[in-house]
Number of protein chains: 2
Amino acid sequence: MQKTRFSDAPCPVARALDRVGEWWSILILRDAFQGLSRFDEFQQSLGMSPTLLARRLKDLVAHGILYKERYQTRPARYHYLLTERGNDFLPVLAALSQWGNNHLTDGDVCALLVDGRNDRPIQVQLVNRDTQQPVPPQFITLAPGPAASDGIHQRAELMRQRRLADLPEFTKEPS
Amino acid sequence: MQKTRFSDAPCPVARALDRVGEWWSILILRDAFQGLSRFDEFQQSLGMSPTLLARRLKDLVAHGILYKERYQTRPARYHYLLTERGNDFLPVLAALSQWGNNHLTDGDVCALLVDGRNDRPIQVQLVNRDTQQPVPPQFITLAPGPAASDGIHQRAELMRQRRLADLPEFTKEPS
DNA sequence: CAGTATCCTGTCCGATACTG
DNA sequence: CAGTATCGGACAGGATACTG
């Protein structure tokens with residue numbers, strides 16, 4: 001809305017960051033997935049100023065990630081709910097949460113992904129779209145698509161060769 | 001390093017954002033996964049000022065996501081490679097990329113996830129960790145872990161009930 | 001309850017210039 | 001090539017007060 005730094009970038013990652021790149025936006029979405037919907041619920045949970053919260057909510061609504069709905073007429077009460085686009089954001093949150101839990105906590109895990117039907121833990125995984133078979137991360141490349149520039153194509157090809165040829169290089173740790 | 005806004009937050013998402021919350025950090029990682037490693041490669045690809053790039057690289061190294069290595073002695077040449085922690089970040093990038101491609105492009109897909117062994121497209125999926133079976137997103141809840149507060153537990157339980165009881169609510173689109 | 005209106009500050013970031 | 005030094009602007013974000 002007010003900022004358009006990467007909104008016209010061809011890269012989907014950059015475009016995504018243009019929509020949800022602000023810290024608070026992602027934390028708001030996290031809370032939305034945990035069931036929060038009202039203005040004051042977000043404010044209390046996140047401890048942010050109403051001004052900024054209003055700004056972030058407005059942006060998320062403008063980008064079609066949340067939508068605002070009046071759920072009560074007298075007095076008027078609103079809540080913010082996830083659109084389909086917003087719901088589709090869950091895997092990002094899941095991946096972020098999984099990474100955070102694996103690498104950034106000291107054993108005090110505080111948020112887990114579970115299947116609400118049976119409380120089984122969930123894991124993010126990368127799978128072959130056709131076969132549904134899991135693919136080890138070291139084989140995956142962020143390949144450029146049709147809209148990418150030539151330079152990117154060359155880089156990507158080089159990277160793929162490297163990863164396939166010399167896998168140990170990519171699992172090596174700093175000395 | 002210089003900022004510690006959420007570094008002590010119990011939520012893994014918040015902690016993750018504390019490490020890679022800056023726009024450029026994620027874009028640097030994206031490029032790292034595409035094979036870039038040298039300072040000037042990043043700079044040229046991202047078009048950012050050397051000052052800022054140095055700062056971001058330093059942060060990523062400090063957080064153990066990249067590591068700096070001299071690959072040539074005379075003259076000294078360095079490159080930045082992904083640590084294991086950095087490599088584990090791929091699912092996040094994948095999820096972000098998938099979301100961006102599905103929702104934020106006008107058909108001009110520019111980056112795809114593929115299995116480098118056979119060029120098959122990759123998809124991010126949420127699966128049951130034990131059975132490896134895919135779980136539909138609407139059943140997934142971001143449940144609080146042991147370290148979460150009571151309030152969060154209550155919210156989460158409420159959310160789970162809502163999602164399980166009234167699924168249509170969560171797939172509804174704005175009028 | 002659900003925000004808006006202001007004011008202020010930190011810092012993210014850009015641009016340019018310079019060094020081993 | 002691989003950065004550091006410095007300056008300045010824009011804006012995210014904080015704090016407080018106020019309204020329907």
Side-chain angles (χ1 to χ4, degrees), chain A residues 1-9 14 17-32 36-63 66-81 155, chain B residues 1-7 9 14 17-29 31-32 36-63 66-81 155:
Chain A
M1 217 58 234
Q2 77 279 29
K3 161 189 39 184
T4 318
R5 210 165 349 176
F6 292 117
S7 51
D8 54 347
L17 290 176
D18 191 60
R19 268 69 172 192
V20 297
E22 325 284 340
W23 296 43
W24 290 121
S25 299
I26 294 185
L27 293 181
I28 288 172
L29 289 177
R30 176 202 64 181
D31 275 4
L36 302 200
S37 63
R38 294 204 324 276
F39 192 92
D40 74 311
E41 285 179 324
F42 287 120
Q43 196 189 349
Q44 188 182 351
S45 165
L46 298 167
M48 63 197 296
S49 73
T51 311
L52 186 51
L53 176 58
R55 218 145 59 193
R56 291 282 76 87
L57 286 174
K58 203 165 286 179
D59 284 357
L60 288 170
V61 168
H63 288 135
L66 296 178
Y67 67 100
K68 184 179 184 175
E69 194 187 52
R70 186 175 62 234
Y71 67 92
Q72 180 184 306
T73 39
R74 205 165 9 263
R77 291 287 179 270
Y78 304 93
H79 56 183
Y80 297 86
L81 299 177
R155 274 165 35 198
Chain B
M1 216 59 233
Q2 79 277 27
K3 162 191 36 187
T4 320
R5 209 163 352 176
F6 291 116
S7 50
L17 291 176
D18 191 60
R19 269 68 172 193
V20 297
E22 324 286 339
W23 296 42
W24 290 122
S25 300
I26 295 185
L27 293 180
I28 288 172
L29 289 177
D31 275 4
L36 302 201
S37 64
R38 294 206 324 277
F39 192 92
D40 74 312
E41 286 179 323
F42 287 120
Q43 196 189 350
Q44 189 183 351
S45 165
L46 297 168
M48 63 198 296
S49 74
T51 310
L52 187 51
L53 175 58
R55 219 142 59 193
R56 291 281 79 85
L57 286 174
K58 202 165 288 179
D59 284 358
L60 288 169
V61 168
H63 288 134
L66 295 179
Y67 67 99
K68 183 179 183 173
E69 195 187 53
R70 187 176 60 235
Y71 67 91
Q72 180 183 304
T73 38
R74 207 166 7 264
R77 291 287 179 271
Y78 305 93
H79 57 183
Y80 298 85
L81 300 177
R155 274 164 35 196

Side-chain touch [X]/[Y], heavy atoms, less than 4.5 angstrom:
X       : Y       : result
A:Asp18 : B:Trp23 : yes
B:Ile28 : B:Leu53 : yes
A:Glu22 : A:Leu60 : no

Grab the N/O contacts between the protein and nucleotides 15-20 of chain D below 3.5 Å, and write none if there aren't any.
unit_1 : atom_1 : unit_2  : atom_2 : d
D:dA15 : N6     : A:Thr51 : OG1    : 2.9

Can you tell which of [options] lies closest to the side chain of [X]?
X       : options               : answer
B:Glu22 : D:dA12, C:dC13, D:dG3 : C:dC13
B:Asp40 : C:dC13, D:dA2, C:dA2  : D:dA2
B:Ala54 : D:dT4, C:dA2, C:dG14  : D:dT4

Which whole-number value in Å describes the distance from [X] [atom1] to [N] [atom2]?
X       : N      : atom1 : atom2 : value
B:Met48 : C:dC12 : CE    : P     : 12 Å
B:Arg56 : D:dT4  : CZ    : P     : 13 Å
B:Gln72 : D:dC1  : CD    : C1'   : 10 Å
B:Tyr78 : D:dC1  : OH    : C1'   : 11 Å
A:Asp59 : D:dG13 : CG    : C1'   : 13 Å
B:Leu17 : D:dG13 : CG    : P     : 11 Å
B:Leu53 : C:dC13 : CG    : C1'   : 13 Å
B:Leu57 : C:dC12 : CG    : P     : 15 Å

Phosphate OP1/OP2 of [N]: any [X] side-chain N/O under 4.0 Å:
X       : N      : result
A:Tyr71 : C:dC1  : no
B:Lys58 : D:dA2  : no
B:Arg38 : D:dA2  : yes
A:Arg55 : C:dT4  : no
B:Trp24 : C:dG14 : yes

Reckon A:Phe39 touches a base, only the sugar-phosphate, or nothing at all at heavy-atom distances under 4.0 Å?
base
Touch check for A:Phe42, heavy atoms < 4.0 angstrom, all strands: base, sugar-phosphate only, or nothing?
nothing
The ring pair (Phe, Tyr, Trp, His ring centres under 6.0 Å) partners of A:Tyr71 (sequence neighbours excluded) come to A:His79
Write down the atom of B:Gln43, the atom of B:Pro50, and the distance for their closest heavy-atom approach.
NE2-CD, 3.4 Å
CH2 on A:Trp24 to CG on A:Leu57, rounded to 0.5 Å
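Answer for the CG-CH2 pair, A:Leu57 versus A:Trp24, is 12.5 Å.
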Distance check, rounded to the nearest 0.5 Å: B:Tyr80 atom OH versus B:Leu29 atom CG?
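It comes to 13.5 Å.
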Go through the structure and list residues passing side-chain contact (heavy atoms from CB on, under 4.5 Å) with A:Lys58, not counting sequence neighbours.
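A:Lys58: no side-chain contact (heavy atoms from CB on, under 4.5 Å) contacts found.
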Tell me every residue that passes side-chain contact (heavy atoms from CB on, under 4.5 Å) with B:Ala54, counting only those two or more places apart in sequence or in another chain.
B:Phe39
Quick one: bend of the helix from C:dC1-D:dG20 to C:dG20-D:dC1 from 5 pairs per end, to 10°?
50°
Tell me every residue that passes side chain to side chain donor-acceptor pair (under 3.5 Å) with B:Arg38, counting only those two or more places apart in sequence or in another chain.
B:Asp40
